[in-house]
Chemist: 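Provided herewith is a single structure, encoded as structure tokens, for subsequent inquiry.
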Amino acid sequence: MGTGPVSGRSVVRITLVIFVALMLQSTVLVAVRVAGVHPDIVWLLPITAALLNGPETGALVGFWAGVAFDLVLPTPFGLSALVGCVLGFSVGSLTAAVDERAAWIKPVAALIGSVGADMLFSVLGAVLGQPQMVQVNFLALFVVVGLSSIILVLPANRLMRWALTGEGGRRSLVSAQSSDSGLW
């Protein structure tokens, strides 16, 4: 990947990837249920963005993917954006010293990040007045979300790599933003 500033094309591609993931999540994957739990691919976007481009990019992608996800969920608005932002920044920070080419990093980050994000989402939802959000079979959540994330992280990573084309491998999106026209 290059080291140029964030281009308008990158922002458009990231927006397109978020839209495609949201459509898949809200139409196809919501129908795939095991013990009342369905796969969550929206969390893979900040995870892969953070692995490819660092914690700031992960946080930004997580925030915007979360805002888009919040538009279709009957939960407190901003909850998905908060969780996505925390997820992207956490994954980027915790994996900053790891070579992104390591074969194990993507599946491990997808497993831990997706399950952790769903659990954080449930707990924060309960704290914000949605007690039904913690009445979930957490074992089923761990198995279904974990396995689906491990399986879907590579296609999600390819999409995010395409969306971030032209940006440095671990370079911060925020630092590049200053030389852009402020699209983020």
Chemist: Among pairs that include at least one residue of residues 74-89, which meet side chain to side chain donor-acceptor pair (under 3.5 Å), considering only residues two or more places apart or in two chains?
Modeler: Asp70-Ser80

Chemist: Of the non-hydrogen atoms in Pro46 and Gly58, which two are nearest, and what is the gap between them?
Modeler: CB-O, 3.4 Å

Chemist: Picking from Leu111, Ile112, Ile105, what satisfies side chain to side chain contact (heavy atoms under 4.5 Å, CB included) with Val108?
Modeler: Ile112

Chemist: Measure the CG-CZ distance between Leu154 and Arg161 for me, rounded to the nearest 0.5 Å.
Modeler: 10.5 Å

Chemist: Please lay out, stage by stage, how Ile14 and Phe19 fare under the test side-chain contact (heavy atoms from CB on, under 4.5 Å).
Modeler: CA-CA 9 Å; Ile14 291 168; Phe19 178 75; over 6 Å; no

Chemist: Could you check whether any side-chain N or O of Asp40 sits under 3.5 Å from a backbone N or O of Val42, counting only pairs where one atom can act as donor and the other as acceptor?
Modeler: no

Chemist: Please list, chain by chain and in numerical order, all residues satisfying side-chain contact (heavy atoms from CB on, under 4.5 Å) with Val34, sequence neighbours excluded.
Modeler: Val144

Chemist: When hydrophobic residues are tied together by side-chain contacts of less than 4.5 Å, even through go-betweens, does Val17 share a cluster with Val20?
Modeler: yes

Chemist: Measure the CG-CG distance between Leu159 and Leu164 for me, rounded to the nearest 0.5 Å.
Modeler: 11.0 Å

Chemist: What pairs with Leu22 under side-chain contact (heavy atoms from CB on, under 4.5 Å), at least two apart in sequence or on another chain?
Modeler: Ala68, Phe69, Val72

Chemist: State, yes or no, whether a side-chain contact exists between Phe77 and Leu71 at a heavy-atom distance under 4.5 Å.
Modeler: yes

Chemist: So, taking the atom named CG in Leu124 and the one named CG in Leu79, what distance separates them when rounded to the nearest 0.5 Å?
Modeler: 6.0 Å

Chemist: Using the side-chain contact (heavy atoms from CB on, under 4.5 Å) criterion, which residues pair with Ala126? Sequence neighbours excluded.
Modeler: Val134

Chemist: So, using side-chain contact (heavy atoms from CB on, under 4.5 Å) as the criterion, who are the partners of Val153 when residues are at least two apart?
Modeler: Leu44, Thr48, Lys106, Ala110

Chemist: Please check if Met133 and Leu87 belong to a single hydrophobic cluster, counting links between Ile, Leu, Val, Met, Phe, Trp and Tyr side chain heavy atoms closer than 4.5 Å.
Modeler: yes

Chemist: Check Pro39 against Val32 and note the closest heavy-atom contact, atom names and distance.
Modeler: CD-O, 3.3 Å

Chemist: Measure the CD1-CG distance between Ile41 and Leu29 for me, rounded to the nearest 0.5 Å.
Modeler: 5.0 Å

Chemist: If you compare all heavy atoms of Ala103 against all heavy atoms of Pro107, which two are closest, and at what distance to 0.1 Å?
Modeler: O-CD, 3.5 Å

Chemist: Is the CZ atom of Arg158 crowded by more than 12 outside heavy atoms at less than 6.0 Å?
Modeler: no

Chemist: Specify the closest pair of heavy atoms between Ala117 and Val83, including all atoms of both residues, with the distance to one decimal.
Modeler: O-CG1, 3.6 Å

Chemist: Can you check whether Phe121 reaches Leu73 side chain to side chain, under 4.5 Å on heavy atoms?
Modeler: yes

Chemist: Can you list every pair that meets side chain to side chain donor-acceptor pair (under 3.5 Å) and has a residue in residues 15-24, with sequence neighbours left out?
Modeler: none

Chemist: What pair of heavy atoms forms the shortest contact from Ala140 to Val37, and how long is it?
Modeler: CB-CG2, 3.9 Å

Chemist: Any chance you could measure Leu51, atom CG, to Asn157, atom CG, to the nearest 0.5 Å?
Modeler: 7.0 Å

Chemist: Any donor and acceptor pair, going by atom type alone, linking the side chain of Arg13 with main-chain N or O of Trp162 inside 3.5 Å?
Modeler: yes

Chemist: For Val145, is there any backbone N or O sitting under 3.5 Å from a side-chain donor or acceptor partner on Ser148?
Modeler: yes

Chemist: Tell me which pairs pass side chain to side chain donor-acceptor pair (under 3.5 Å) where either residue lies in residues 114-134, with sequence neighbours left out.
Modeler: Trp43-Asp118, Ser114-Ser149, Gln130-Gln132

